[in-house]
Amino acid sequence: MLKLGVNIDHIATLREARYRGLASGEPDPTLAAQVCVAAGAHGITAHLREDRRHILDRDVFLIRSKIQCRLNLEMANVPAIVDVALKLKPDIVCLVPERRQELTTEGGLDVAGSEEALTRTCQKMAQAGIEVSLFIDPDPRQIEASRRVGAQFVELHTGRFASHFDDSTVCAAVLKELAAGAQLAHELGLKVNAGHGLNYSNVPTLLEVPHLVELNIGHAIVSRAVFCGLGHAVGEMLELMKPYKGPKAPAEGQGEP
Ligand code: PXP
């Protein structure tokens, strides 16, 4: 079954718009996480950014202590945040590139260009019992490097797929790259997640990508929640993901002899 991790950063974005610097405020990301899990989400994802623009340290520690589900901490590979992760002990960390000026995570991680630093972090996380996922473009160089540095997962960046969704030619080409990337990662022993820009229109098409374990989705679910409630928005996304079949069976005549 394809799993859903709900990214709750935007709940905290809304709280910080009004209550920045205060000890509490609404909406509460921990309550949001509880609602997502009650609605069937398999995991909660939160990005603890270096500038703490939305999710705060207290949020991730509260979620960790109150919610019995898989916690995925998105983070940059920098010492201060690595220290927080080692104290928090999420089930998994997803290492992402991070630039302060960006609105959201804009590109994949250059794993091939920072193998030494990533290997050290993967080792630290392994010693603490935390799995590591690397947020990358579906580029064979980055996938092979992800294997070498010791990650267990890659999260394939679906931003280009999402932003070209209305252009069927480009979208088909990007989808092919994602499928080939997932296949290569699988063959190398990596588990495959996907995320960024996924929504209620494009998820059914993304289901063509083989070997997916989990989708991480934030903006679209929180946006829909404004109109129909968070539990309902999570339920609708889970319904869309139900038909996922995993690896495609080879077409007749193309299987192994
Ligand atoms: N996965 C990763 C690694 C991300 O950085 C983000 C955005 O924070 C998401 C998934 C969720 O993206 P979206 O909010 O566009 O669904």
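Counting starts at 1 for both ligands and their atoms, following the listed order. The model shown is predicted, which means the values in this text are computed figures rather than measured ones.
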Please could you name the atoms of ligand 1 that Ile217 approaches to less than 4.0 Å, counting only its heavy atoms?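 With Ile217 as reference, the close atoms of ligand 1 come out as 16 (O).
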Just jot down the ligand 1 atoms closer than 4.0 angstrom to any heavy atom of Asn216, in number order.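 Under 4.0 Å from Asn216, ligand 1 has these atoms: 10 (C), 11 (C).
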Exercise: do Gln123 and Gln127 side chains pair donor with acceptor under 3.5 Å: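 The answer is no; no qualifying pair exists.
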Which segment of Glu74 sits under 4.0 Å of ligand 1 when only heavy atoms are counted: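 The answer is the side chain.
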Check: Val96 N/O within less than 3.5 Å of ligand 1 N/O: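 It does not: no N or O of Val96 is found under 3.5 Å from an N or O of ligand 1.
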Is the shortest N/O to N/O distance between Gly218 and ligand 1 below 3.5 Å?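 The answer is yes, given that Gly218 and ligand 1 share an N or O pair closer than 3.5 Å.
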Tell me whether Ala220 reaches ligand 1 (any heavy atom closer than 4.0 angstrom to a ligand atom).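 Ala220 does not count as a contact of ligand 1 under the 4.0 Å cut-off.
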Can you list the residues that meet the salt bridge (charged side-chain N to carboxylate O under 4.0 Å, His left out) rule with Glu236, with sequence neighbours excluded?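 By the salt bridge (charged side-chain N to carboxylate O under 4.0 Å, His left out) rule, Glu236 matches Arg224.
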Best match, Glu155, His219, His196: closest heavy atom to atom 1 (N) of ligand 1: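 Residue with the shortest heavy-atom distance to the ligand atom: Glu155.
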When you measure from the side chain of [X] to the backbone of [Y], do you find a donor-acceptor pair of N or O atoms at a distance under 3.5 Å?
| X | Y | value |
| --- | --- | --- |
| Tyr244 | Lys3 | no |
| His42 | Leu4 | yes |
| Glu115 | Arg148 | no |

Any side chain to side chain donor-acceptor pair (under 3.5 Å) pairs touching residues 80-97, not counting sequence neighbours?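 The answer is Arg64-Asp91.
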